[in-house]
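Everything below concerns the one structure shown next.
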Amino acid sequence: EGSYSPVKNIYTLIEKAVYVPLSDEMKDFVIIMCVFESFTSEQAVYMRGKENTGQLLKELTGKNAFVKYDGKLKTYHMHKIFCDFLQEELNRKDISRRQGIYQKAGHWYLKTGNYIIARHYFYQCGDFDNVLLALEEDRSNSFTNENKEILKQHMADCPGEVKSRHPYAVLKYLMHLFVHNERELFSQVY
């Protein structure tokens, strides 16, 4: 077109060359999966909820250079540029659709015992009951210094009525604050 604007043009190119030719079923599938950096086939089946997901994965990796399968790790990876484009598409979707995808992703990680990531997805969709449920189920394995600020943010944003329904989660949070010598915040929790 005679000019070049990096983000605008690359997304336009991705849309025209990669996204538009996909079937509606495939478009929906890649939108769902773009919330993950990488994913397994089991995860894809869970997220999509349909039996022919394996077939879609084969078709997607066979025809699309932007989604690769790592046989060693048994995971699928979307190219960063394609994933960023898809996340922009997801942001254009109805809020309830986005929340449903994040909710399901949160439940996947809760089911598989990755409580930090489960809390992240539940937080993304504003589901604080499940943020606190993930905190309750965590055996304090994620109470690291690296995760301290994220947990503090989740708890600061959590409404009081939700906290009152999850006293065990609040107790675990207090223990986390105590371990990390957050005395001032510890005294402000209740």
Side-chain angles (χ1 to χ4, degrees), residues 1-127 130-131 134 142 144 146-147 149-151 153-154 157:
E1 297 175 349
S3 66
Y4 178 73
S5 169
V7 173
K8 182 181 177 243
N9 281 342
I10 195 71
Y11 282 179
T12 302
L13 183 60
I14 292 288
E15 181 177 26
K16 288 178 183 177
V18 181
Y19 186 69
V20 169
L22 297 176
S23 68
D24 288 342
E25 182 180 39
M26 189 68 79
K27 285 177 188 171
D28 185 59
F29 176 59
V30 294
I31 292 282
I32 291 169
M33 300 314 294
C34 78
V35 299
F36 302 109
E37 288 182 24
S38 64
F39 56 91
T40 64
S41 59
E42 294 84 10
Q43 195 171 3
V45 169
Y46 177 84
M47 289 298 295
R48 188 160 173 267
K50 295 185 180 175
E51 291 299 318
N52 71 336
T53 302
Q55 207 173 342
L56 279 181
L57 283 168
K58 278 183 186 177
E59 181 183 333
L60 185 63
T61 55
K63 294 180 180 178
N64 192 321
F66 288 90
V67 181
K68 297 287 185 192
Y69 179 70
D70 182 335
K72 189 175 186 180
L73 297 175
K74 297 186 186 278
T75 55
Y76 294 86
H77 303 269
M78 283 192 203
H79 191 283
K80 176 80 170 120
I81 294 171
F82 186 47
C83 195
D84 289 347
F85 166 79
L86 292 171
Q87 287 174 356
E88 289 290 323
E89 289 295 307
L90 177 60
N91 288 334
R92 287 188 197 71
K93 299 283 184 196
D94 178 75
I95 191 164
S96 63
R97 175 75 171 126
R98 285 193 315 266
Q99 287 176 329
I101 291 170
Y102 287 122
Q103 181 94 32
K104 202 158 188 181
H107 282 290
W108 168 263
Y109 284 112
L110 188 62
K111 179 178 115 171
T112 59
N114 195 328
Y115 303 110
I116 296 170
I117 298 177
R119 286 196 316 260
H120 163 77
Y121 285 109
F122 290 134
Y123 180 79
Q124 291 297 314
C125 65
D127 182 353
N130 275 315
V131 167
S142 65
T144 63
E146 296 83 35
N147 298 313
E149 295 305 316
I150 295 169
L151 182 56
Q153 184 65 53
H154 291 176
D157 293 345

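Being a predicted model, the structure only gives us computed values, none of them experimental.
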Exercise answer: donor-acceptor pairs, residues 59-69 side-chain atoms, under 3.5 Å, sequence neighbours excluded:
residue : atom : partner : partner atom : Å
T61     : OG1  : L57     : O            : 2.9
T61     : OG1  : K58     : O            : 3.3
N64     : OD1  : F66     : N            : 2.6

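Under a 3.5 Å cut-off, the side chain of D28 and the backbone N or O of D24 do not form any donor-acceptor pair. Proximity of a side-chain donor or acceptor of Q99 to a complementary backbone N or O of G126 within less than 3.5 Å is not detected. Side chain of R98 to main chain of K93: a donor-acceptor pair is present (N/O by atom type, distance under 3.5 Å, no hydrogens or angles). Panel note: side chain N52, backbone Q55; no donor-acceptor pair is recorded below 3.5 Å.
Pairs engaging residues 29-40 under the side-chain hydrogen bond (donor to acceptor under 3.5 Å, both in side chains) rule: T40-E42 [sequence neighbours left out].
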F29/M47 under side chain to side chain contact (heavy atoms under 4.5 Å, CB included): CA gap, chis, key distance, verdict: CA-CA 9 Å; F29 176 59; M47 289 298 295; over 6 Å; no
Q124 and H120: CA distance, side-chain angles, deciding distance, side chain to side chain contact (heavy atoms under 4.5 Å, CB included) verdict: CA-CA 6 Å; Q124 291 297 314; H120 163 77; 3.4 Å; yes
Side chain to side chain contact (heavy atoms under 4.5 Å, CB included) evaluation trace for I32 with K104: CA-CA 10 Å; I32 291 169; K104 202 158 188 181; over 6 Å; no
Criterion side chain to side chain contact (heavy atoms under 4.5 Å, CB included) on Y19 and L86, from CA distance to verdict: CA-CA 9 Å; Y19 186 69; L86 292 171; 3.8 Å; yes
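Contact check for E88 versus E15: no side-chain heavy atoms found under the 4.5 Å cut-off. Using a 4.5 Å cut-off on side-chain heavy atoms (C-beta onward), Y46 and K111 make contact. With contacts defined as side-chain heavy-atom distances shorter than 4.5 Å, the pair H79/I14 does not qualify.
Note that the CE atom of M33 and the CG atom of L90 stand 12.5 Å from one another [nearest 0.5 Å]. Note that the SG atom of C125 and the CD1 atom of I95 stand 10.0 Å from one another [nearest 0.5 Å]. Once rounded to the nearest 0.5 Å, the distance linking CG of L110 with CG of N130 reads 6.5 Å. Rounding to the nearest 0.5 Å gives a distance of 7.5 Å between OG1 of T112 and CD of Q43.
For H107, the ring-ring contact (aromatic ring centres under 6.0 Å, His included) partners two or more places apart in sequence, or in a different chain, are F122.
Between F39 and F36, the angle of the ring planes lies from 30° to 60°, which puts this pair in the tilted group.
Inspection of the D127 and Y102 side chains reveals no N or O donor paired with an N or O acceptor under 3.5 Å.
Using a 4.0 Å cut-off between charged side-chain N and carboxylate O, D84 and K80 make a salt bridge.
Checked against a 6.0 Å centroid threshold, the rings of Y109 and Y121 count as neighbours.
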